[in-house]
Protein chains: 2
Amino acid sequence: MKILATPLPKVRICAIGHWPVDRIDHGGFLILDDVVQKELAGIASLVSYDCKEKIFVQDTPAQYIYIPHSGAVRVAHQLADGRNQIVAFFMPGEPFGLGGNGVYLNSASALTDCCLIRIPRDALHELCNHEPRLQQDCLVGAMAQLRLSQRHLLIVTHQRVLKRVADFLLECSHQPEVFDSGRNVLNLIMDRSDIADYLGTSVETVSRTLGKLEEDGLVKRLDSRNLWLDQSRLTAVLNN
Amino acid sequence: MKILATPLPKVRICAIGHWPVDRIDHGGFLILDDVVQKELAGIASLVSYDCKEKIFVQDTPAQYIYIPHSGAVRVAHQLADGRNQIVAFFMPGEPFGLGGNGVYLNSASALTDCCLIRIPRDALHELCNHEPRLQQDCLVGAMAQLRLSQRHLLIVTHQRVLKRVADFLLECSHQPEVFDSGRNVLNLIMDRSDIADYLGTSVETVSRTLGKLEEDGLVKRLDSRNLWLDQSRLTAVLNN
DNA sequence: CGCACGATTGACCGAAGTCAACAATCGTGG
DNA sequence: CCACGATTGTTGACTTCGGTCAATCGTGCG
């Protein structure tokens, strides 16, 4: 981890679909008051992590919340039996590290090299108290997270792994950062083991399932990290 | 559904573990300002539902949020393939029906005969605007929901159903309303099919798994709705 | 009393986890 | 620039867990 000395970039929060349209800019980010931006700049810092570096560990004191500025992050929960369940992936603008009274509920690590905006919880809490607008935004942010989590639940409870993978790929294809909707090509930012841990299955099964999808022409593996998708036929898989 | 004419009882929100201790009363509920209580009473109503009655349906306009006053509620999501995934059960004091911009994300139905406090969303939103304390409470409430949802995710992703059931029973045993911690007896408020839909498995497997747990002495079925539990041995199951 | 519903048990089979081998890719250093 | 090892991805063989279909049991209710 390295604290960057450069001036803090504007805090951007992914907003599309969560906030009213008049609060969203052309890039799909939440529009924050200049005053709020300045106040956030006063308490936040910009930090960088190398790929695979740990950001925080579950059950340790939770000082900060983070918002990716560039790169991607993986948040997971370790269980007593050694399982490592990935709870969510976070892209630029999606805040993580919330929840949990004073301790982190999960662990976070860098999926790629990344720059994060880091905000101390107590200072943010303070700020919320005299900026009701920001408080409101936090609430909507928490709701958005809740929605993601419930969506994830629906994905991992598909009985057949084929559906889980199809649903997962479709979910990814809604992220413009990783999906080229002109060529229908999805750029996977995570490896097979991350996908397995996210879907509650094994690497072998993920690999085999992609094989089967490719056999049937719903997917083409350009290379291990880039997939061409037939979105409509993948959607059809979910109806059987 | 029936709107009850009786005066609205005090709004009680389950708070234990989520709010700071000085905001919690002796019963584990959130302490709300008298002014806030009065304002809530102005917009809320008390409604009753019969067992199995639908409360709201997913994808329909979301007018209200609900807080059970007595009884219990089941919230589920219907998928295109006909699956009915239960997302959560709600006990008295646990608000549901939040999230989703204007439409319900899930369907809710009464698990038992129940009385619910029903609050119009727009009026609540209004009220939050000039009651920052309440706004803050809503945020904490959303965080609590998020936590529940992530806990649920960890439960249903146990590879072996044995672990899912064990974890589920333990989770239930933390609810004082249904667990007699003196006798170690859990009163299940839902039937086998609800458990199956919550755990992402089938009724038969739930039944068989309870059978196996009973064989090994971790559980005793007093009747189909009442189980004696050996909590420590159930916990041990999760470590293998 | 008989019907309906929920719960349980049995038999069968397929999907997926596990172990193992192998291929491909990447990064490092000679 | 190539060679090597390390990491990641794919494929195969085997086994088991759990889903499905079906029959049976028990309880409550009309």
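Naming: A, B, ... by sequence-line order, numbering from 1 per chain. FYI, side chains are in, hydrogens and waters are out, and symmetry mates aren't considered; it's all heavy atoms of this structure.
For residues 185-196 of chain B, the side chain to side chain donor-acceptor pair (under 3.5 Å) pairs, not counting sequence neighbours, are B:R74-B:D194. Within the structure, ring-ring contact (aromatic ring centres under 6.0 Å, His included) pairs that include any residue of residues 189-221 of chain B comprise B:F89-B:Y198, B:H152-B:Y198, B:F168-B:Y198 (at least two apart or interchain). Evaluation of the ring-ring contact (aromatic ring centres under 6.0 Å, His included) test over residues 207-237 of chain A, restricted to residues two or more places apart or in two chains, returns none.
Every residue two or more places apart in sequence or in another chain was checked for a salt bridge (Lys or Arg N to Asp or Glu O under 4.0 Å) with A:R121, and none qualifies. By the ring-ring contact (aromatic ring centres under 6.0 Å, His included) test, A:F90 is found to be paired with A:F96, residues two or more places apart in sequence or in another chain being considered. Every residue two or more places apart in sequence or in another chain that forms a ring-ring contact (aromatic ring centres under 6.0 Å, His included) with B:Y104 is listed here: B:F56. Residues that satisfy the side chain to side chain contact (heavy atoms under 4.5 Å, CB included) test with A:S70, not counting sequence neighbours, are A:C115.
Relative to the side chain of B:T201, the nucleotides D:dG19, C:dA7, C:dG17 differ in distance, and D:dG19 lies closest.
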- Contact pattern, 5' to 3', of nucleotides 25-30 of chain D - B, S or - by protein heavy atom under 4.0 Å: ------
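Here the side chain of A:E94 pairs a donor or acceptor atom with the backbone of A:M91 at under 3.5 angstrom. With B:R118 contributing its side chain and B:I67 its backbone, the two residues share no donor-acceptor pair below 3.5 Å. The main-chain N or O of A:N240 is found under 3.5 Å from a side-chain atom of A:K163 such that the two form a donor-acceptor pair.
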Got a list of side-chain donor-acceptor pairs under 3.5 Å for residues 215-222 of chain B, not counting sequence neighbours?
unit_1: B:R221; atom_1: NE; unit_2: B:E214; atom_2: OE1; d: 2.7
unit_1: B:R221; atom_1: NH2; unit_2: B:E214; atom_2: OE1; d: 3.1

Nucleotides 12-14 of chain C: which of its N/O atoms have a protein N/O under 3.5 Å away?
none

Between protein and nucleic acid, restricted to nucleotides 11-15 of chain D and to nitrogen or oxygen atoms under 3.5 Å apart, what atom pairs and distances do you find?
unit_1: D:dG12; atom_1: N7; unit_2: A:R208; atom_2: NH1; d: 3.0

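Heavy-atom contacts from other residues, nucleotides or ligands closer than 6.0 Å to CZ of B:R233 number more than 12.
Each end of the helix from C:dC1-D:dG30 to C:dG30-D:dC1 gets its own rotation axis from five pairs of C1' atoms, and the angle between them is 30° to the nearest 10 degrees.
The residue B:K52 sits close only to the backbone: its heavy atoms come under 4.0 Å of sugar-phosphate atoms, none of a base.
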